[in-house]
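Lettering follows sequence order; numbering is per chain, from 1.
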Protein chains: 2
Amino acid sequence: MSDIPIDAPELEDTAAERFSQARTAQSLALLEDYTEMIDDLIRELGEARITDIARQMGVTHPTATKAVARLKREGLASARPYRGVFLTEAGIAMAERVRLRHRVVVDLLCAVGVPPEAAEIDAEGIEHHVSDVTLQAFEAWLSQKAG
Amino acid sequence: MSDIPIDAPELEDTAAERFSQARTAQSLALLEDYTEMIDDLIRELGEARITDIARQMGVTHPTATKAVARLKREGLASARPYRGVFLTEAGIAMAERVRLRHRVVVDLLCAVGVPPEAAEIDAEGIEHHVSDVTLQAFEAWLSQKAG
DNA sequence: ACAGAAATGTAGCCGTGTCTACATTGAATG
DNA sequence: CATTCAATGTAGACACGGCTACATTTCTGT
């Protein structure tokens with residue numbers, strides 16, 4: 001069944017690869033969203049409480065607790081019982097990377113005529129699938145358009 | 001952010017709303033990917049076999065079987081045991097919508113300078129979060145750029 | 001026609017992310 | 001200081017999407 005088949009075997013292989021990469025990106029999305037959110041809360045309020053995280057993410061507090069547990073497991077955050085949540089160096093680095101990428105994505109969407117409100121909403125899902133190469137292309141295009 | 005220490009209720013509410021919408025979009029992504037893939041296979045081979053679906057998606061065959069079961073549950077596909085999988089009218093409509101959107105996203109990425117290979121990979125994840133409003137903006141921008 | 005290979009089905013496990021319900025702790029107020 | 005209430009922790013259920021292992025059916029080649 002290898003050589004006879006009707007059509008383009010190599011294109012099919014790359015399809016599986018693309019889907020696989022999309023699944024990987026998706027598994028990182030939750031970590032990215034939470035680190036950025038926690039970083040935002042710390043900047044604004046000085047600390048990130050579970051209740052605030054949950055409200056901001058639109059989930060219940062046990063869900064936020066589980067997410068923070070995963071962040072700790074992955075070395076992105078630290079937390080002591082009944083205290084706020086804080087980010088490690090790795091977590092802060094991720095938050096900054098995510099924030100930058102989010103802004104670039106929103107800017108690009110707006111630049112091609114997407115209404116700002118829709119840009120914000122869609123960017124929340126899109127950003128997690130923007131690779132470094134694509135991000136650089138976005139930045140280059142935006143700066144060239146501005147300049 | 002604001003000078004008042006705590007409340008910034010409206011911004012926070014919209015954040016939760018954005019994340020919620022991103023989660024909803026993600027839950028539809030699997031259905032969209034499978035319907036498009038099945039439609040592709042039917043066009044190319046005349047039918048969509050579980051084995052082909054699984055190989056194309058980069059998953060094992062029981063995973064593909066489960067996905068098809070969900071498609072049937074959602075009224076997007078029909079299948080009889082040991083036979084190929086077929087799409088309902090709703091499934092075909094979804095496949096066409098997804099295919100169009102995929103093309104537009106890839107075209108837009110390429111148009112702003114993303115290398116075609118990266119555009120294909122990233123589009124696989126991005127497309128599921130492109131709303132109708134954003135899609136229309138993409139199309140308008142592309143046609144204006146071409147014309 | 002039949003035996004072996006390939007495809008498909010089925011069972012069951014695991015990790016994730018969501019929820020509800022209840023227990024416990026911490027903080028604020030009388 | 002005690003009481004109460006908000007915040008947090010914990011337990012357990014569910015759906016999903018991935019996997020492996022094994023059973024069954026269909027297809028294929030001689």
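- Looking only at distances, no side-chain donor or acceptor of B:R18 sits under 3.5 Å from a matching main-chain atom of A:E124.
- Within 4.0 Å of B:T60, counting heavy atoms only, lies at least one base atom of the nucleic acid.
- For B:C110 against B:A119, the heavy-atom pair with the smallest separation is SG-CB, 3.8 Å.
- We find that CG of A:L28 is positioned 18 Å from P of C:dG15, with the value rounded to whole Å.
- The distance from atom NZ of B:K72 to atom C1' of C:dG9 is 11 Å, rounded to the nearest whole Å.
- In this entry the distance linking CG of A:D52 with P of D:dT8 reads 7 Å, nearest Å.
- If you check distances only, the side chain of A:K66 never reaches the base of C:dT16 with a donor-acceptor pair under 3.5 Å.
- Distances shown here put a side-chain N or O of A:R49 below 4.0 Å from the OP1 or OP2 atom of D:dT8.
- Side-chain atoms of B:T65 come within 3.5 Å of backbone N or O of B:H61 as a donor-acceptor pair.
- Atom pair A:H61:NE2 and C:dT20:P shows a separation of 11 Å (rounding to whole Å applied).
- For B:H128 and A:H129, the ring centers sit 6.0 Å or farther from each other.
- For B:T51, the side-chain atoms get nearest to C:dA7 when compared with the rest of D:dA21, D:dA7, C:dA7.
- With D:dG17, C:dT18, D:dT20 as the choices, the nucleotide that has an atom nearest any side-chain atom of B:L30 turns out to be D:dG17.
- Closest to the B:Y82 side chain, of the nucleotides D:dG9, D:dT25, C:dT16, is D:dT25.
- Formation of a donor-acceptor pair under 3.5 Å by the A:D39 side chain with backbone atoms of A:A95 is not found in this model.
- Side chain of A:T35 to backbone of A:L31: a donor-acceptor contact under 3.5 angstrom is found.
- Of the candidates D:dC19, C:dT10, D:dT8, the closest approach to any side-chain atom of A:I50 belongs to D:dT8.
- Comparing C:dT8, D:dT10, C:dG26 against the side chain of A:P62 picks out D:dT10 as the nearest.
- Both B:R83 and A:P81 lie close to DNA chain C; mapped to their nearest nucleotides by heavy-atom distance, the more 5′-ward contact belongs to B:R83.
- Between the CD atom of A:Q26 and the P atom of D:dC16 there is a distance of 16 Å, given to the nearest Å.
- The side chain of B:V59 sits closest to D:dG18 out of D:dG18, C:dG9, D:dA11.
- Looking at DNA chain C, the stems built from 3 or more consecutive Watson-Crick or G-U wobble pairs, each pair with its key distances under 3.5 Å, are C:1-30 with D:1-30.
- One atom, OH of B:Y34, and another, C1' of D:dG17, lie 8 Å apart when rounded to the nearest Å.
- At the phosphate of D:dC19, OP1 or OP2 sits under 4.0 Å from a side-chain N or O atom of B:T63.
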Side chain to side chain donor-acceptor pair (under 3.5 Å) for A:T63 and A:T60? Distances and angles first, verdict last. CA-CA 5 Å; A:T63 298; A:T60 59; 3.3 Å; yes
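- Counting non-hydrogen atoms under 4.0 angstrom, B:R73 reaches the backbone sugars and phosphates but no base.
- Without hydrogens or angle criteria, B:T88 side chain to B:L76 main chain gives a donor-acceptor distance under 3.5 Å.
- Residue order along DNA chain D, read from the 5' end via each residue's closest nucleotide, puts A:T65 first among B:G58 and A:T65.
- Rounded to a whole Å, the CZ atom of A:R23 is 16 Å from the P atom of C:dG17.
- Proximity note for B:R70 (side chain, C-beta onward) versus C:dC19, D:dC16, C:dG9: the nearest is D:dC16.
- For A:R55 and C:dT18, the CZ to P distance is 17 Å, given to the nearest whole Å.
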